[in-house]
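Here is the structure we will look at.
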Amino acid sequence: MTVKTRFAPSPTGYLHVGGARTALFSWLHARKHGGKFVLRIEDTDLQRSTAESINAILEGMTWLGLEYDDGPLYQTHRFERYNEIIQRLLEDGLAYRCDCSQERLDRLREGQMQRKEKPRYDGHCRGRKIDAGSPHVVRFCNPDTGNIIVNDLVRGKVVFHNNELDDLVIRRTDGSPTYNLTVVVDDLDMGITTVIRGDDHLNNTPRQINILQSLGQEPPEYAHVPMILGDDGARLSKRHGAVSVMEYRRQGILPEALLNYLVRLGWSHGDQEIFPIDDMIELFDISDVNRAASSFNTDKLLWLNQHYIKNDDPARIARLLSPHMGELGIDPSVDPPLVDVVAAQQERAQSLVEMAQISAFFYQDFEEYDETAAKKHLRPVAYDPLQRMRAALESLDRWEPEALHQAVVDVSGALDLKMGKVAQPLRVAVVGRAASPGIDVTLHLVGREACLRRIDRALDFIQKRMDESAS
RNA sequence: GCUCCCUUCGUCUAGUGGUCAGGACACCGGCCUCUCACGCCGGUAACAGGAGUUCGAUCCUCCUAGGGAGCGCCA
């Protein structure tokens, strides 16, 4: 049988990293086994489902490259089918109408809680004949005895007792079907062989198996993967920072870095840390996923991100960096070529946002010197070296890295100074900070005109300092 | 409250009835070096607790503690 998995989010928010990870696992499982991966939108909650949310989910899936072979399928388009099944269950006596009032249910619940029992429906309407024309819900007639055994691919064997379960509502008063019914019907109709989802659904599984069996069907395989926690061990939420997949894109994370990070959360293959997509598909095995929840660690994600930035084709990184430059008000299509900037900065940034920030000086004069850098390097002792550097640079007829490097070496030699004594003031003068790519590449990319202009500015700056201390 | 699930360095994890309990991120040293970064070398750091089984338990069993999920006319 061909493997078929699905990702079935409810469109009530953004695609968050936890959802993205279960989607990734499902996708990997399908790809590994040459199967199909389906995207299904569980939008039966008409109050909370929104079109924006659907778009956000689709956008997130696309960005991550988790392409689906079928879908998106919408549950709201399938109400007829669900009703057909509900009707069948009613006719077979496996479901029944219930008109218990909210008050009665509340009272029942309250009494059970007081007696320290698990709150659940008491089957009051099971034997009653309720007119189909009057307001009612439909409940599934859950077996009273026996066990349900789930052989979970991640959890192993989990046993549930039917006497712990109750008769759940499968159709609301307004005629709409509920989650536990729709999942069962959809997974069945779509031929899903492996249900991979968050472990918050583990407790729903026996109910769904019961419905499935009452329809005369065999349950699919299940794999309940643990959730993702925040740095502090609490359930991941907005206060931990970014939870939306698209937020990571805004923060300059590469999709392959996020995927690599997510696949290693709760899963591993020996000591391997770097997993390009093809490796993941080859090596991933859903049954190797850990049972315990794991905490999201942004530092490690950034490390992976830096790894991918560092090792990727500069042209691609430049393309991805471009919008982040735009955010800073820089037109990335002017000189120097963004690809050259990327090549120079590739090992120096953990994110595209950071790369944009540390690369702005290539395109525009900086506002102010970094205070400590100026204090340390733009001092009176640096005046003479800077002035000589300016002269040397001005007379240079080739503005190329080798020639620029030689110029710095020559000036240091002439003054009998270590190279750093010349290069650092020069760097601060040209970039405004104490850190940048190699001084030769930096000067080259900034360009002659801007370099000379900024050196003059630095000389003025030092002159002013000297004047001030003299008076 | 009841049912189900989980527990190895701060974090992600490997691991076996006998290991100096391994790797990665982070952190701390050092090297490289015009700065930063990269890279390289080294270091700190963990089997939740208690019983039992066993010649021997991180590993098997039970209990406790802690964490999580579910118990909706939400999904």
*Counting any heavy atom closer than 4.0 Å, what does Gly198(A) reach on the DNA or RNA strands: base, sugar-phosphate only, or nothing?*
nothing

*Find the partner of A57(B): check Watson-Crick (N1-N3 plus N6-O4 or O6-N4) and G-U wobble (N1-O2, O6-N3) distances, both under 3.5 Å, and reply none if neither fits.*
none

*Counting any heavy atom closer than 4.0 Å, what does His201(A) reach on the DNA or RNA strands: base, sugar-phosphate only, or nothing?*
base

*Hey, does the side-chain of Glu273(A) have a donor or acceptor N/O within less than 3.5 Å of a partner on the base of G23(B)?*
yes

*Pro119(A) side-chain proximity, nearest of C71(B), A75(B), C5(B)*: C71(B)

*When you check the side-chain N and O atoms of His307(A) and Asn311(A), is any donor under 3.5 Å from an acceptor?*
yes

*asked:* Distance check, C1' atoms only: A14(B) and C71(B), in whole angstrom units.
replied: 37 Å

*Between atom CG in Leu165(A) and atom C1' in G70(B), what is the gap in whole Å?*
10 Å

*Does Lys421(A) NZ have over 12 foreign heavy atoms under 6.0 Å away?*
no

_Heavy atoms only, 4.0 Å cut-off, all strands: where does Gln47(A) land among base, sugar-phosphate and nothing?_
nothing

*State which residue, out of Thr50(A), Thr76(A), Thr12(A), fulfils the side-chain hydrogen bond (donor to acceptor under 3.5 Å, both in side chains) condition with Asp43(A).*
Thr76(A)

*Options A75(B), U35(B), A24(B), nucleotide nearest the side-chain atoms of Trp303(A)*: A24(B)

*If U16(B) has a Watson-Crick or G-U wobble mate with both distances under 3.5 Å, name it; if not, just say none.*
none

_Of the options G70(B), U35(B), A75(B), whose atoms approach the side-chain atoms of Arg48(A) most closely?_
A75(B)

*Which nucleotide in the set U13(B), A75(B), C73(B) lies at the smallest distance from any side-chain heavy atom of Val137(A)?*
C73(B)

*asked:* Can you tell me the base-pairing partner of A65(B)? Count Watson-Crick or G-U wobble geometry only, both distances below 3.5 Å, and say none if there is no partner.
replied: U7(B)

*asked:* Between the base of C5(B) and the side chain of Arg291(A), is one N or O donor paired with an acceptor at under 3.5 angstrom?
replied: no

_Tell me whether the side-chain N or O atoms of Asp199(A) pair up with the base of A69(B) as donor and acceptor below 3.5 Å, since no angle test is needed here._
no

*Do the side-chain N and O atoms of Tyr96(A) and Asp167(A) include a donor-acceptor pair separated by under 3.5 angstrom?*
yes

*Integer-rounded Å distance: C12(B) C1' and His269(A) NE2*: 17 Å

*With a 3.5 angstrom cut-off on both distances, give the Watson-Crick or G-U wobble partner of C73(B), or none if there isn't one.*
none

*Is any N or O donor-acceptor pair between the side chain of Arg348(A) and the base of C36(B) shorter than 3.5 Å?*
yes

*Where the side chain of Leu202(A) is defined as all heavy atoms beyond and including C-beta, which of C5(B), G39(B), C34(B) is the nearest nucleotide?*
C5(B)

*Using both distances under 3.5 Å as the test, list the Watson-Crick or G-U wobble partner of C40(B), or none.*
G30(B)

*asked:* If you only use heavy atoms from C-beta on, which nucleotide in C12(B), G22(B), C34(B) is closest to the side chain of Ile439(A)?
replied: C34(B)

*Taking the nucleotide of RNA chain B with the closest heavy atom to each, which residue, Asn204(A) or Glu164(A), is nearer the 5' end?*
Glu164(A)

*Is a donor-acceptor contact shorter than 3.5 angstrom present between the side chain of Thr178(A) and the base of C73(B)?*
no

*Interatomic distance, Thr372(A) atom OG1 to Lys375(A) atom NZ [nearest 0.5 angstrom]*: 8.5 Å

_By the 4.0 Å heavy-atom rule, please label Arg109(A) as base, sugar-phosphate, or nothing._
sugar-phosphate

